[in-house]
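Only one structure is covered here, and it is reproduced in the block below.
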Amino acid sequence: MLFLSCFEFGISSAFVYALYEPLAHEQTKQIAALINLFRYIYHRICVLSAVIGLAFMFGISIFHYDTELISHWQGAYLLILANYLLFFS
């Protein structure tokens, strides 16, 4: 699941840096604009992570032949993926 964390690319550090000056000078309009931009970017990251995560799950099931084991693995993987995606939403 760590490969999905690569989509974040350190954006949170850039957000903190971008918010520093508006917060120091109490520029509420600029703070609101930056927060909306960050929300938009994180929602896009969430959608991209969901698509790639689900594609990975179905890709693994194509190459795996033990259907009893894979059904349990898919359920666990979906729970982990849902937990990860809730972080971004």
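Each residue takes its place number in the sequence, starting with 1.
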### Query
How many angstroms lie between atom CZ of Arg39 and atom CD1 of Ile41, to the nearest 0.5 angstrom?
12.0 Å

### Task
Answer whether the closest heavy-atom distance between the side chains of Met57 and Leu81 falls below 4.5 Å.
no

### Query
If you group Ile, Leu, Val, Met, Phe, Trp and Tyr by side-chain heavy-atom gaps below 4.5 Å, do Tyr77 and Leu54 land in one group?
yes

### Message
Under the rule for side chain to side chain contact (heavy atoms under 4.5 Å, CB included), what residues qualify as partners of Ile31, not counting sequence neighbours?
### Response
Leu19, Pro22, Leu23, Ile35

### Query
What closest approach, in Å, do Leu34 and Ala18 show between heavy atoms, and which atom pair accounts for it?
CD1-O, 3.5 Å

## Note on the structure
Here the ring-ring contact (aromatic ring centres under 6.0 Å, His included) pairs for residues 17-36, sequence neighbours left out, are none

### Message
Please enumerate all residues that pass side chain to side chain contact (heavy atoms under 4.5 Å, CB included) together with Arg44, with sequence neighbours excluded.
### Response
Tyr40

### Message
Are Phe56 and Val47 linked, directly or through intermediate hydrophobic residues, by side-chain heavy-atom contacts shorter than 4.5 Å (ILVMFWY only)?
### Response
no

#### Entry: Residues which pass ring-ring contact (aromatic ring centres under 6.0 Å, His included) with Phe15, listed by chain and number, not counting sequence neighbours
Phe38, Tyr42

